[in-house]
There are 2 protein chains.
Amino acid sequence: MSNTTVDSYSISELAQEFGITTRTIRFYEDKGLLTPQRRGQTRVYTPEDRVRLKLILRGKRLGFSLDESREIIDMYDPAHGNVDQLKRLLDRIDAKRQQLRQQQRDIEKMLAQLDDATARTEAALKEHSN
Amino acid sequence: MSNTTVDSYSISELAQEFGITTRTIRFYEDKGLLTPQRRGQTRVYTPEDRVRLKLILRGKRLGFSLDESREIIDMYDPAHGNVDQLKRLLDRIDAKRQQLRQQQRDIEKMLAQLDDATARTEAALKEHSN
DNA sequence: GTTGACGTTTACGTTAACGTAAACGTCAAT
DNA sequence: ATTGACGTTTACGTTAACGTAAACGTCAAC
């Protein structure tokens with residue numbers, strides 16, 4: 001279960017923690033979203049790998065594709081060479097921001113709609129108590 | 001193009017307005033999300049149909065499946081008979097609310113992450129100006 | 001009367017994101 | 001030495017949400 005190095009994880013540990021299957025984790029690796037090390041054949045995950053996985057799943061909850069999640073994750077690292085690329089990166093970051101703000105507005109409207117639905121349903125319930 | 005009744009829409013009008021294809025709209029009908037009337041063979045959409053379509057697309061932007069969107073849309077109508085069903089409906093509405101709140105938190109974190117990415121990228125740009 | 005623009009149905013194709021199963025290796029425990 | 005828990009690779013299957021194309025009807029315009 002627990003390891004000597006303490007801050008490394010097995011594939012099943014991560015799977016259990018996040019409520020996904022090992023198949024899913026290997027699939028993410030296949031798609032280039034994770035690149036764990038190997039102890040022999042066996043995959044060994046660092047805390048950084050774990051964070052990346054967390055980000056992927058967060059993206060999933062927001063309806064992002066794996067490609068989109070990869071893009072967002074890659075935005076965090078500064079390794080992108082020349083000035084032109086950096087400027088384009090800024091644009092892509094901004095685009096994502098706009099998208100997230102749109103989602104915020106969508107959520108607000110849906111929550112309002114749900115409040116409405118609750119009110120209507122409770123009203124219908126009161127009708128039944130007559 | 002425009003109709004005599006004014007508040008009815010053709011399939012291509014809706015497609016253009018929302019930036020989707022007619023195929024998509026017919027697909028939604030196939031899945032039971034829309035039930036337009038017919039003038040002969042031709043589909044005729046009411047303003048209510050248009051609203052439903054809008055809700056579907058809003059759900060899409062939030063990563064909802066068509067089934068989920070259908071569920072949310074159906075929550076708005078009070079036609080669901082008995083007390084037990086109404087109480088279960090309230091629970092489902094509440095569950096959706098929780099999910100949306102989770103998405104709100106996810107968005108906040110992602111926006112913070114993007115701010116971080118922007119700062120780092122701009123820092124990298126300043127390096128290049130040396 | 002044929003050419004477009006628009007509509008229809010039917011049906012096969014495609015992509016993403018895994019599920020599921022087979023077939024195998026490893027290592028500690030019985 | 002075999003069982004069980006865990007890991008591996010390879011590969012075919014599945015579902016959702018459409019795309020794409022074929023083949024046809026309709027109706028106004030030239």
Side-chain angles (χ1 to χ4, degrees), chain A residues 1-5 8-46 49-50 52-74 99 106, chain B residues 1-5 8-46 49-50 52-73 99:
Chain A
M1 294 233 161
S2 61
N3 248 319
T4 53
T5 54
S8 81
Y9 311 86
S10 76
I11 192 170
S12 53
E13 277 173 350
L14 288 182
Q16 191 169 17
E17 174 179 0
F18 292 113
I20 58 183
T21 69
T22 60
R23 174 68 177 89
T24 298
I25 296 180
R26 290 195 197 96
F27 179 76
Y28 292 163
E29 178 177 349
D30 225 62
K31 292 297 160 182
L33 290 167
L34 296 173
T35 48
Q37 305 192 315
R38 300 278 180 139
R39 188 169 301 167
Q41 277 274 79
T42 305
R43 278 164 252 249
V44 178
Y45 297 86
T46 67
D49 290 325
R50 184 174 162 280
R52 289 180 69 91
L53 182 52
K54 220 171 167 177
L55 295 181
I56 296 168
L57 298 177
R58 180 181 295 158
K60 235 184 103 177
R61 287 194 298 272
L62 293 175
F64 289 16
S65 72
L66 294 184
D67 280 350
E68 286 177 307
S69 286
R70 191 214 328 273
E71 207 197 347
I72 293 177
I73 292 174
D74 288 348
Q99 183 184 347
D106 286 330
Chain B
M1 294 235 161
S2 61
N3 249 319
T4 53
T5 52
S8 81
Y9 312 85
S10 76
I11 192 170
S12 53
E13 278 173 349
L14 288 183
Q16 191 169 18
E17 174 178 1
F18 292 112
I20 58 183
T21 69
T22 60
R23 173 69 177 89
T24 298
I25 296 180
R26 290 195 197 95
F27 179 76
Y28 292 162
E29 177 178 350
D30 225 63
K31 293 297 159 179
L33 290 166
L34 295 174
T35 47
Q37 305 192 317
R38 301 276 179 142
R39 187 168 302 167
Q41 277 273 78
T42 305
R43 277 164 254 250
V44 178
Y45 297 87
T46 67
D49 290 326
R50 184 174 162 280
R52 289 179 70 90
L53 182 51
K54 220 171 168 178
L55 296 181
I56 296 168
L57 298 178
R58 179 180 295 158
K60 233 184 106 176
R61 286 195 299 273
L62 293 176
F64 289 16
S65 72
L66 294 183
D67 280 350
E68 285 177 307
S69 287
R70 191 213 329 271
E71 208 197 345
I72 292 177
I73 292 174
Q99 182 184 346

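Counting heavy atoms from C-beta on, the side chains of A:Leu55 and A:Ile72 never come closer than 4.5 Å. At least one side-chain heavy atom of A:Ile25 sits less than 4.5 Å from a side-chain heavy atom of A:Tyr45. In this structure, A:Phe27 and A:Leu66 have side chains that are in contact, with non-hydrogen atoms separated by less than 4.5 Å.
An OP1 or OP2 oxygen of C:dG7 is reached within less than 4.0 angstrom by a side-chain nitrogen or oxygen of B:Ser10. Not one side-chain nitrogen or oxygen of A:Thr42 sits closer than 4.0 Å to the OP1 or OP2 atom of D:dT8. Look at B:Lys60 and you won't find any side-chain N or O under 4.0 angstrom from OP1 or OP2 of D:dA17. Under 4.0 angstrom from either OP1 or OP2 of C:dC6 there lies no side-chain N or O belonging to B:Arg39. Checking the phosphate oxygens (OP1, OP2) of D:dA16, no side-chain nitrogen or oxygen of B:Lys31 falls inside 4.0 Å. Checking the phosphate oxygens (OP1, OP2) of C:dT8, a side-chain nitrogen or oxygen of B:Arg43 falls inside 4.0 Å. Within the 4.0 Å cut-off from OP1 or OP2 of C:dG7, not a single side-chain nitrogen or oxygen of B:Thr22 is found.
For the segment residues 67-74 of chain A, the set of residues with a heavy atom within less than 4.0 Å of an atom of DNA chain D is empty.
In this structure, CZ in A:Arg58 is found 10.0 Å from CD1 in A:Ile73, a value given to the nearest 0.5 Å. Atom OH of B:Tyr9 sits about 7.0 Å away from atom CD of B:Glu17, to the nearest 0.5 Å. Within the model, atoms CD1 of B:Ile56 and NZ of B:Lys31 stand 13.0 Å from one another, a figure rounded to the nearest 0.5 Å. Atom CG of B:Leu34 sits about 12.5 Å away from atom CZ of B:Arg50, to the nearest 0.5 Å. Annotation: the span from A:Lys60 atom NZ to A:Phe18 atom CZ amounts to 12.5 Å, rounded to 0.5 Å.
What you find for B:Gly59 and B:Ser69 is that their closest heavy atoms are CA-OG, 3.7 Å. Heavy-atom minimum distance, A:Ser8 versus A:Val44: CB-CG1, 3.8 Å.
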Quick one: which protein N/O atoms are closer than 3.5 Å to N/O atoms of nucleotides 19-24 of chain C? Pair and distance per line, please.
residue: C:dG19; atom: OP2; partner: A:Thr21; partner atom: OG1; Å: 2.8
residue: C:dG19; atom: OP2; partner: A:Thr24; partner atom: OG1; Å: 3.3
residue: C:dG19; atom: N7; partner: A:Arg23; partner atom: NE; Å: 3.4
residue: C:dG19; atom: O6; partner: A:Arg23; partner atom: NH2; Å: 3.0
residue: C:dT20; atom: O4; partner: A:Arg23; partner atom: NE; Å: 3.0

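With distances taken from any side-chain atom of B:Phe27 to the nucleotides D:dC18, D:dT8, C:dA17, the minimum falls on D:dC18.
Scanning DNA chain D for stems, defined as runs of 3 or more consecutive Watson-Crick or G-U wobble pairs whose donor-acceptor distances all fall under 3.5 Å, gives the following ranges: C:1-30 with D:1-30.
Between A:Asp49 and A:Arg52 no salt bridge is recorded (no basic side-chain N to carboxylate O distance below 4.0 Å).
As rounded to whole Å, 14 Å separates atom P of C:dA16 from atom OH of A:Tyr28. Between A:Glu29 atom CD and D:dT10 atom P the separation is 12 Å, expressed in whole Å.
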